[in-house]
Amino acid sequence: MKRKLLALLLALVMVLGLAACGQKGSSDASGDPDQQEAKDYSGYTIRIYSNSNSTERTTWLIQEAKDAGFTISIDDNSVISGDTAAIQAANENKDGDILFGLNETRWSQVVDGVYENLKLVDWTPTWAGEVGEYAYPGAAYGLVIQNVLMLYRNDDLGTKGEKLHFQHWADIVDCGYDWYRQNKVGGTTNANINSAMLYAFVDPSSPAGGISTEGWATLWQYCANGKYSSDDSYKYGFDPLNKGDVAVSTFYSSSLYGKIDAAAESSENPLKGALKPENWDLVEIDDGTYYIAEYIGILDKAGRTEEETEAVEAFAEWFGSAETQAAWGEEFDSYPCNTAAADILYPDGIPAIYTLKNFALTKVAGTDMTYAEYVAAHSSEWTNIMTNLGFYWADASAAVAEPDWANLDWATLTQKAE
């Protein structure tokens with residue numbers, strides 16, 4: 001992406017210099033700020049659990065934390081893969097200091113005490129006011145915003161110039177063009193796509209996991225009539241669109257621009273134009289899209305001393321700060337919750353993919369929950385329904401007949417199969 005790297009680097013130099021004095025400094029007995037010395041927290045190893053843990057991310061974070069005076073321990077995704085594994089490991093091992101990543105679904109569960117061994121420290125960072133609505137006050141604060149996108153080609157391999165405008169995500173089943181769909185039930189991105197597809201069919205009174213039968217039938221059509229592949233490179237939806245195999249597809253926001261910048265490396269008919277699309281566009285969807293935010297919280301670890309807790313809080317303060325989140329965003333093409341970090345990364349304005357309406361935080365009629373909280377309350381039921389009915393087969397030979405929607409035992413289907 002063509003960002004103002006020079007502006008970023010200058011800003012980082014200035015802010016990091018200030019942070020070194022203010023955040024990690026400790027006064028001597030005289031109280032003279034000129035005699036302050038940087039405090040070294042590296043003597044305590046801070047144990048971190050996260051699903052934002054690709055090898056590149058963990059390597060970067062370990063080194064940057066070391067340079068800032070911290071020692072951290074974090075497993076990469078060869079050890080822990082996905083939000084379910086991260087949260088389960090933290091709950092089972094009971095040795096965590098920091099939890100970061102995940103999404104509102106998991107964080108609402110952590111904050112509400114669903115996991116017996118995960119309790120959060122009451123904590124408010126200095127940058128709390130910079131993350132707006134992405135906060136569980138006194139508990140956890142937003143780091144990275146991400147959403148799912150519906151994209152289409154508007155060239156001769158797509159709509160040939162026709163604009164696509166839907167009311168709901170699920171309208172894709174009647175769009176008249178080939179679309180790509182994921183090939184398995186599990187996975188964070190897959191779950192977010194399903195949450196977007198089901199949004200228009202919320203029914204708190206429905207025994208089918210709080211979704212109308214029409215919603216499940218529509219999602220089945222999305223699955224049954226969409227193109228798919230067992231090839232892992234296709235699983236997030238960018239490659240089939242980039243190659244021209246489909247006209248419409250889905251993808252997650254954080255890697256889109258970088259993928260388009262490198263699109264020609266893997267296609268003879270690549271998508272062109274990152275910030276200024278040339279042969280592709282976003283499907284205009286009246287509902288908006290489903291956002292998730294990754295958060296950071298400090299775990300209440302048994303036996304940790306006050307000095308060790310100070311080190312953990314200092315790390316969380318550093319990691320969520322504008323300068324560190326700007327560097328993280330630049331390195332990994334992510335969009336920060338911290339508005340000061342976003343201003344550093346995007347001095348020319350917010351990219352279009354992050355200006356879409358966010359329905360994750362809208363209230364669900366008839367409940368006191370946001371849609372993100374509603375998803376959290378029903379996510380296990382949705383997974384069980386899709387698994388039990390055979391959604392998202394990865395092989396045509398494994399396809400099953402469409403269910404008889406009028407005669408299903410939802411009480412059984414919402415339970416995990418034994």
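Side-chain rings of Trp123 and Tyr141 approach one another, their centers coming within less than 6.0 Å. Aromatic pair Trp169/Tyr199: centroids not less than 6.0 angstrom apart.
Look at Glu308 and Lys301 and you find no salt bridge, because none of the NZ, NE, NH1 or NH2 atoms lies under 4.0 Å from a carboxylate O. The pair Arg153-Asp155 counts as a salt bridge, with a side-chain nitrogen and a carboxylate oxygen less than 4.0 angstrom apart.
Nearest heavy-atom pair across Tyr177 and Leu164 is CE1-CD2, 3.8 Å. Residues Ser230 and Ala394 approach most closely at CB-O, 3.9 Å, considering heavy atoms. Closest heavy-atom contact between Asp97 and Tyr44: OD1-OH, 2.9 Å. Closest approach of Pro351 to Tyr346, counting heavy atoms only: CG-CE2, 3.4 Å. Among all heavy-atom pairs drawn from Asn192 and Val148, the shortest one is CB-CG1, 3.6 Å.
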* Asp171 and Gln167: CA distance, side-chain angles, deciding distance, side-chain hydrogen bond (donor to acceptor under 3.5 Å, both in side chains) verdict -> CA-CA 7 Å; Asp171 292 347; Gln167 182 178 1; over 6 Å; no
* Go through the steps for Tyr295 and Asn103 under the test side-chain hydrogen bond (donor to acceptor under 3.5 Å, both in side chains), then give the verdict. => CA-CA 7 Å; Tyr295 291 72; Asn103 51 50; over 6 Å; no
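For Tyr152, the OH atom counts as densely surrounded, since its 6.0 Å shell holds more than 12 non-hydrogen atoms of other residues, nucleotides or ligands.
Screening Tyr180, Tyr228, Tyr252 for a ring pair (Phe, Tyr, Trp, His ring centres under 6.0 Å) involving Tyr236 leaves a single residue, Tyr252.
Gln146 and Tyr291 form no side-chain donor-acceptor contact under 3.5 Å, judged by distance and modelled atom types alone. In this structure, a donor-acceptor pair under 3.5 Å is present between the side chains of Ser205 and Asp203.
Cation-pi geometry between Arg181 and Trp393 is satisfied (NZ or CZ under 6.0 Å from the ring centre, within 45° of the ring normal).
Ring geometry, Tyr371 versus Tyr374: the interplanar angle falls under 30°, so the pair is classed parallel (tilted spans 30 to 60°).
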